[in-house]
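Per chain, numbering begins at 1; letters A, B, ... match sequence-line order. Because only heavy atoms are used, hydrogens play no part in the values below, and waters and symmetry mates are left out as well, while side chains stay in. Source: prediction; values computed, not measured.
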Amino acid sequence: MAAWVPLGLPAVFSGSCAARGAVLPCSVSTAQTYAGVNVNAAGSEAAVQAVLTKVLGPPVTVRPLTGMLTTSTGDVTVTPAELGGAHRFWWSYTGPAQNLAYLTVQTPGGFAVIGVAGLRAGTIDTSTLLGGQPINGLELWTTLYSKPDPIPASALHGLGLVGNVRLGIINNNSVDCVHADTGVVAQCVFRADSGAWAETPRGTYARAGQAITLDGRPGGDYVTGARVNPDGTVPALALSGHDNAGYTSSEELSKVPVVEAAGSPANATGMPLQNFATREVCSSDAVHPDGAAQTRTYQTSSGATVYCYTGRGAALNDPNVTERDQNGVYLSGFQYSHMIWTNGVEVPAAKRPATCCYPTKVTVTSPIVWRSVATGIAIAN
Amino acid sequence: MRAVWQIVAAVLVFAACSQSPQSGVEAPAGRGWSVAPIVENTHNAIAERLPRVSYQGGPFLRRPRIVTVTFTGDNPIRVDRLVAFDQMITHGEWWHQAVEAYCTGRQDCIEDGDPASHIHIDTPLPAQVRDVDIEQLLVGLAGAGRFDPAQPDLLLMVYPPAGVQLSDAASGRYCDGPRGYHRSARINDVSVAYAVVPHCGELDQTTTTGSHEILEAATNPDPSMPGFALDRGSASGGFTAAGAEPADPCGLITDHQPQINVNGVALHRMWSNRAAAAGHDPCQPAPAEQPYLALAPDQPTIRLRLANVGDTATIGLQAFSDQSVPSWGVSVQDLTESEQHHHYLDLSLNVKAVTPGQRATLTLTARDIAPGQRAIVALRSTFAGHTDVWPVAVMMR
């Protein structure tokens, strides 16, 4: 049992987030400075961001999912019923946000940052981490970015295994997968002939974003995914800076894509989509969510009105998760690459209408929202 | 021979120390040498068309602290030279020129390196070694206390000896293609920059590749989080086709001749924002007597979009030189075809030689879709035995 520390006394925390090589969970004391931000007892968005920048490296953007909680509220349940003075508690979150990534525990002398990405519940004991200080409350945070957990490969099999591509661990011949339109998470069989995969010292991984069937055949309704680590990072193929000896190399994927909210027409950054669609994209949206230029409207045989768009911002459905300019070149910058998280599994994101049927076609009576990438059909480009 | 290399190192350092400060120029805090402001020549067509290296937000090494890692079985003379090379490389005129533009603010720059150290491993490497084996070896060295991964700005330079074949998941055999790489390893929960430069031939080749990797590891210690690099995207055109870190474009645009001798040591030429801003050869140091020639597209950079087989595009070009040259030969080459041994584009250039300012036309027709839906075309300018390449990206998406 840790000793109780009277209010007003300096805390002695066990995990300093500023230490070189610090990993989550870690703790910070009041008056410490992180990335130029001075921590106060109440904590703040800027302080949490600064701490995570130290631990995970830039860029980091977190947003509060809740205010500071001392008891169960709304989508968050805690036990004991009153957190004040506790050192150990159980929590759960049942709300819609899929990008819940961090939990902070406040005390009079500072706070601890705990990675909970991919989790919806758990038990946290801060007695050592916070030097025995009693808890004032907790706060949940979402993240804007998906950061890579680089894994070097010893052998690559198949196409598309470029630097930073996300990797889903293959356990017992199966991999996490997500239905491309419903977002339902499942386990898909993955064999050597199911798609691209990599051998690494940490295990065998499938490339995320491949269309697959539940029984492991290429080209199905599901998309292979990557399990999000609790610290918010996602397994990715390590990137090397090669001396290319004057030869050209393949394009790399963005390192830190934005995590979008599945099913939402809004973009996490708040900026409109820039992807230059060379194809016409038809949907049920009378007003385009990103202000794309309308090309025409028409009525379906069932009487529904369909609205079609093209050009800048019309839609995005790219296996490399990145927006393109009018030349077809991938835009440079974190804000132009997108992923979605679904129950702790990351898949490449697309902003598009739904698809259906065999052979696959666009459901023109559906809205343009963030969904999983649809690999079996050309949408937007 | 060791003494000779120590003298070479001393000469390089002296050359840096003896540079007289330029008038009206201050050294950024922490730097012991002066850097004149880079002046953009807004009336120079080449300066307008060349991209620039800029800060991308990721980490960089401020005072690189090199640890040279060598192995038993290597030639002791070569080991001595590599140790001397690593001691001197982050000091002197080449280093100062290479890193001069790499500050995020006046107080936060890449500076001279801290003193280098040396680890010699008594166990021989196996004849075939993979990148993941090297990483495990470094983890083991840290565990044995041979280096402290928590030291700031650490850069491990690993030099496998002759007879050891290096491979990774993408390259079955180093030296036949890539000649080295740098990467970040997670050791004791700390990100540590390291580079591996196998024995691909003469020492000159090792030091050339070594200088490439050292600068790029200093500017981009974690390749997944770029520090100083060219922007990828339309703004950089084909200049990032071989990579966006500061040495990468120089293999491509010097037509595979990026090596230059600096005070007796073979080093890699590096992207220079100063030279680009003045409309000179952006890969420096460049031979002073050698003109920089360009057959450049009309737009600063151009990405052609040939999405379907049979699509045709025509682009206007103009010839430029930064020295007085009466005329020079020009040609066009599909680099993707050369590397993939497959025909993707028909290319037709309407001239074989140009004079400064002369206009020309290139016609492209798509014959097959290139891997990654992107082909790289080289516009080659050749004069007095040297060739400059202006790379153009042709998007097929």
>> If you count every heavy atom of other residues, nucleotides or ligands that lies below 6.0 Å from A/Ile377 atom CD1, does the total exceed 12?
In response: yes
> Under a 4.5 Å heavy-atom cut-off, does chain A meet the side chain of B/Asn220, its backbone, both or neither?
Replying inline: neither
>> Minimum heavy-atom separation for A/Ser332 and B/Asp231, please, with both atom names.
In response: OG-OD1, 4.2 Å
> Given that the side chain runs from C-beta out, which part of B/Ala247 has a heavy atom under 4.5 Å from chain A: side chain, backbone, both or neither?
Replying inline: neither
> Tell me, side chain or backbone of A/Ala22 under 4.5 Å from chain B's heavy atoms, or both, or neither?
Replying inline: backbone
> Can you find a side-chain donor-acceptor pair between B/Ser224 and A/Asn164 that sits under 3.5 Å?
Replying inline: no
> A/Thr278 versus chain B, heavy atoms under 4.5 Å apart: side chain, backbone, both or neither?
Replying inline: side chain
> Which of the residues B/Glu339, B/His268, B/Glu245 is involved in the greatest number of heavy-atom pairs with chain A at under 4.5 angstrom?
Replying inline: B/Glu339
>> Let's test your reading of the structure: which of A/Val256, A/Leu161, A/Val23 forms the most heavy-atom pairs below 4.5 Å with chain B?
In response: A/Val23
> At what distance, to the nearest 0.5 angstrom, does CE of B/Met225 lie from CZ of A/Phe334?
Replying inline: 4.5 Å
> Is it the backbone or the side chain of B/Pro371 that comes under 4.5 Å from a heavy atom of chain A, or both, or neither?
Replying inline: neither
> Is it the backbone or the side chain of B/His212 that comes under 4.5 Å from a heavy atom of chain A, or both, or neither?
Replying inline: side chain
> Given a strict heavy-atom distance threshold of 4.5 Å, which part of A/Ala153 is in contact with chain B: side chain, backbone, both, or neither?
Replying inline: both
> Which one of B/Gln136, B/Arg374, B/Glu213 has the most heavy-atom pairs closer than 4.5 Å to chain A?
Replying inline: B/Arg374
> If you look at every heavy atom in A/Ser154 and B/Val132, which pair is closest and at what distance?
Replying inline: CB-CG2, 3.9 Å
>> Counting heavy-atom pairs closer than 4.5 Å to chain A, which one of B/Pro178, B/Gly251, B/Ser234 comes out on top?
In response: B/Ser234
>> I need the residue from A/Pro152, A/Pro201, A/Pro148 with the largest number of non-hydrogen atom pairs under 4.5 Å to chain B.
In response: A/Pro152
> Quick one: what part of B/Arg179 sits under 4.5 Å from any heavy atom of chain A, side chain, backbone, both or neither?
Replying inline: both
> Which atoms of B/Gln151 come close to chain A, meaning under 4.5 Å heavy atom to heavy atom: side chain ones, backbone ones, both, or neither?
Replying inline: backbone
>> Please rank B/Pro391, B/Ala241, B/Gly238 by heavy-atom pairs under 4.5 Å with chain A and give me the top one.
In response: B/Ala241
> Relative to chain B, which segment of A/Gln326 carries a heavy atom at a distance below 4.5 Å: side chain, backbone, both, or neither?
Replying inline: backbone
> Of all of B/Pro226, B/Gly372, B/Pro249, which one pairs up most often with chain A through heavy atoms under 4.5 Å apart?
Replying inline: B/Pro226
Show me, pair by pair, the donor-acceptor contacts under 3.5 angstrom made by side chains of residues 188-201 of chain B, not counting sequence neighbours?
residue, atom, partner, partner atom, Å
B/Ser191, OG, B/Arg186, NH1, 3.3
B/Tyr194, OH, B/Glu135, OE1, 2.8

